[in-house]
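Naming convention: chains lettered A, B, ... in sequence-line order (proteins, then strands); numbering from 1 in each chain. These numbers were taken from a predicted model, which means no experiment stands behind them. No hydrogens, no waters, no symmetry mates; every other heavy atom, side chains included, goes into these values.
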Amino acid sequence: MPMHETLSATGIGVSLFDLRHTFESAQPLTFYAEYNAQSNTLTYTSGAHIINVGASGGVEKGTLLVVSKDLGYSVAEVTRRFRLSDNMRSVYKRISTDSFMRASIERYKGMRLTLNDPWETTLCFIISQFNNVKRIGLITKNVVRTFGPAIKGDNDNVIAHSFPGSGDLAHATIKELMACGAGFRAKYIKEAAEYCTNNLSLQGLRSKGHDELKEELMGISGVGDKVADCIALFGYGDTRAFPVDVWMQRAMERMYFKGKKTGVRKIHEFADKRWGAYSGFAQQYIYHYARNARIGVDAKPRLGK
DNA sequence: ACCCAGGCGGGCG
DNA sequence: CGCCCGCATGGG
C-alpha cells in the first residue's frame with residue numbers, strides 16, 4: 001500500500017500577470033490545458049506531473065497559487081512555463097511603438113508569452129494549420145487522450161494523460177490519427193513524430209540562432225514558415241520570431257500598410273526593424289487583439305490615444 | 001447552404 | 001525562385 005501523497009501549495013508574487021489572457025491567446029496550453037474562468041485556475045500536465053495554478057489579486061500585483069504533489073518541481077515548472085522572469089514593464093516600453101500597440105497592451109495587460117516543450121509545441125502547431133482555435137484544442141486533446149501515457153491516482157485509476165512524446169506517436173496509424181479528427185494533418189503528424197524520434201533532436205536545437213533554428217524546424221513534415229515561427233517562439237523562447245497567420249496578416253496590412261496587400265516577407269522585415277528581439281511579444285498582442293476584434297472581418301478596431 | 005480557420009506540400013511556369 | 005491549388009472537418 002503506497003503512502004498517500006497529499007497536495008501542497010505555495011504562492012508566487014507576480015506583477016503584470018493575467019492568467020486568462022495568457023490562456024486564451026492560442027498558445028500551446030490553450031490547446032491542452034483546462035481553464036476555469038470562474039475560479040481563474042488552470043490545470044495542466046508537465047511530463048507525468050499534474051500542475052494546478054490559480055491567479056488572485058490584481059493584474060498589476062497579484063499572487064500565483066501553485067498546487068501539486070511536488071512543489072519543488074511545480075514552482076520551477078510554473079516559473080519557466082509562464083516566463084515569470086520577463087520584466088513586462090520593460091517589454092511594454094519596448095513595444096509601445098504606436099497607438100494600436102498601446103491599445104492592445106491596455107486591453108490585454110498581463111498577457112504573457114509561455115515557454116513550452118519543443119515537441120509539444122511542434123505537435124500543437126502542426127495541428128493548427130488551416131484550422132481554427134477551438135478545433136485545434138479538440139484534436140489536440142483527442143491525441144493526448146489516445147496516445148499520452150496514463151497518469152494514475154492513488155487508487156490506480158487513470159486521472160489524466162501526459163502529453164504524448166514523439167516516440168508515442170511514431171507508431172500511431174493514420175487511421176487512429178484520423179479518428180482524433182486530425183484530417184489531412186494525420187500524415188504530417190506521423191511523419192513529424194518519426195522524424196523527431198529517429199532523425200532530429202529538438203532538444204539539440206536549443207543553442208541555434210533564429211535563422212538556423214527555423215531552417216531546421218522547416219525540415220519537419222507539416223512545418224513551414226509560419227509554424228516554424230510558432231515553434232521558435234513558444235517552444236524555444238525565440239522572441240525574434242513573428243508568426244504571421246491570416247489574422248496577423250490582415251491586422252498588419254490594416255494597421256501598418258494602409259490596408260494594402262502585403263507579403264509575409266515584407267511584414268517580417270517591418271516587424272524586425274520595429275520590434276527586433278521583442279517581435280514575439282508584439283506579435284502576441286497584435287494577434288490576440290486582432291482575433292478578438294475581428295480586424296479585417298467585420299469590425300473596425302477602436303484605438304487608444 | 002456557405003465561408004472560414006494561428007498553412008503546407010507539391011506541381012507547374 | 002514564385003504562384004496556385006487541393007486539402008478534412010466542424011464552428012459560425
Under the 5.5 Å and 30° test, is A:Phe130 stacked on the base of B:dG7?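 Yes.
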
Measure the distance between the ring centre of A:Phe125 and the centre of the six-membered base ring of B:dG6, then answer whether it is under 5.5 Å with planes under 30°. no

Same-atom distance ([atom1]) from [N] to [M], integer angstrom:
N: C:dT9; M: B:dG10; atom1: C1'; answer: 22 Å
N: B:dC4; M: C:dC7; atom1: C1'; answer: 14 Å
N: B:dC8; M: C:dG10; atom1: P; answer: 22 Å
N: B:dG6; M: C:dG6; atom1: P; answer: 22 Å

Thinking salt bridges, do [X] and [Y] make one under a 4.0 Å N-O criterion?
X: A:Lys214; Y: A:Asp238; value: no
X: A:Glu60; Y: A:Lys109; value: yes
X: A:Arg250; Y: A:Asp245; value: no
X: A:Lys226; Y: A:Asp229; value: no

Between A:Cys230 and A:Gly222, name the one whose nearest nucleotide on DNA chain B is closer to the 5' end. A:Cys230

Judged by each residue's nearest nucleotide on DNA chain B, which is more toward the 5′ side, A:Ser221 or A:Arg250? A:Arg250

For a quick check, tell me whether the side chain of A:Gln249 and the base of B:dG7 share a donor-acceptor pair closer than 3.5 Å.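 Result: no qualifying N/O pair found.
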
Could one point to a donor on the side chain of A:Arg135 or the base of B:dA5 with an acceptor on the other under 3.5 Å away?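 Result: no qualifying N/O pair found.
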
Taking atom [atom2] of [N] as reference, at what distance in whole Å does atom [atom1] of [X] sit?
X: A:Tyr195; N: B:dC8; atom1: OH; atom2: C1'; answer: 16 Å
X: A:Lys266; N: C:dG2; atom1: NZ; atom2: P; answer: 12 Å
X: A:Asp245; N: B:dC4; atom1: CG; atom2: P; answer: 15 Å
X: A:Leu113; N: B:dG6; atom1: CG; atom2: C1'; answer: 14 Å
X: A:Tyr188; N: B:dC8; atom1: OH; atom2: C1'; answer: 5 Å
X: A:Lys214; N: B:dG7; atom1: NZ; atom2: P; answer: 14 Å
X: A:Arg185; N: C:dG10; atom1: CZ; atom2: C1'; answer: 11 Å
X: A:Phe184; N: C:dC7; atom1: CZ; atom2: C1'; answer: 5 Å

Counting the benzene-type ring for Trp, do A:Phe82 and A:Phe17 have ring centres under 6.0 Å apart?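 Ring-ring flag for A:Phe82/A:Phe17: true, centres closer than 6.0 Å.
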
Using purine N1 to pyrimidine N3 plus N6-O4 or O6-N4 for Watson-Crick, or N1-O2 and O6-N3 for G-U wobble, each under 3.5 Å, what pairs with C:dG6?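 Result: B:dC8.
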
Pick base, sugar-phosphate or nothing for A:Thr30, based on heavy-atom distances below 4.0 Å to the nucleic acid. nothing

Grab the two heavy atoms, one from A:Ile126 and one from A:Arg185, that are nearest each other, plus how far apart they are. O-CD, 3.6 Å

If you assign A:Lys134 and A:Gly183 each to the DNA chain C nucleotide with the nearest heavy atom, which residue ends up on the more 5' nucleotide?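 The residue mapped nearer the 5' terminus is A:Gly183.
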
DNA chain C: 5'-proximal contact among A:Arg265 and A:Met178 (nearest heavy atom): A:Arg265

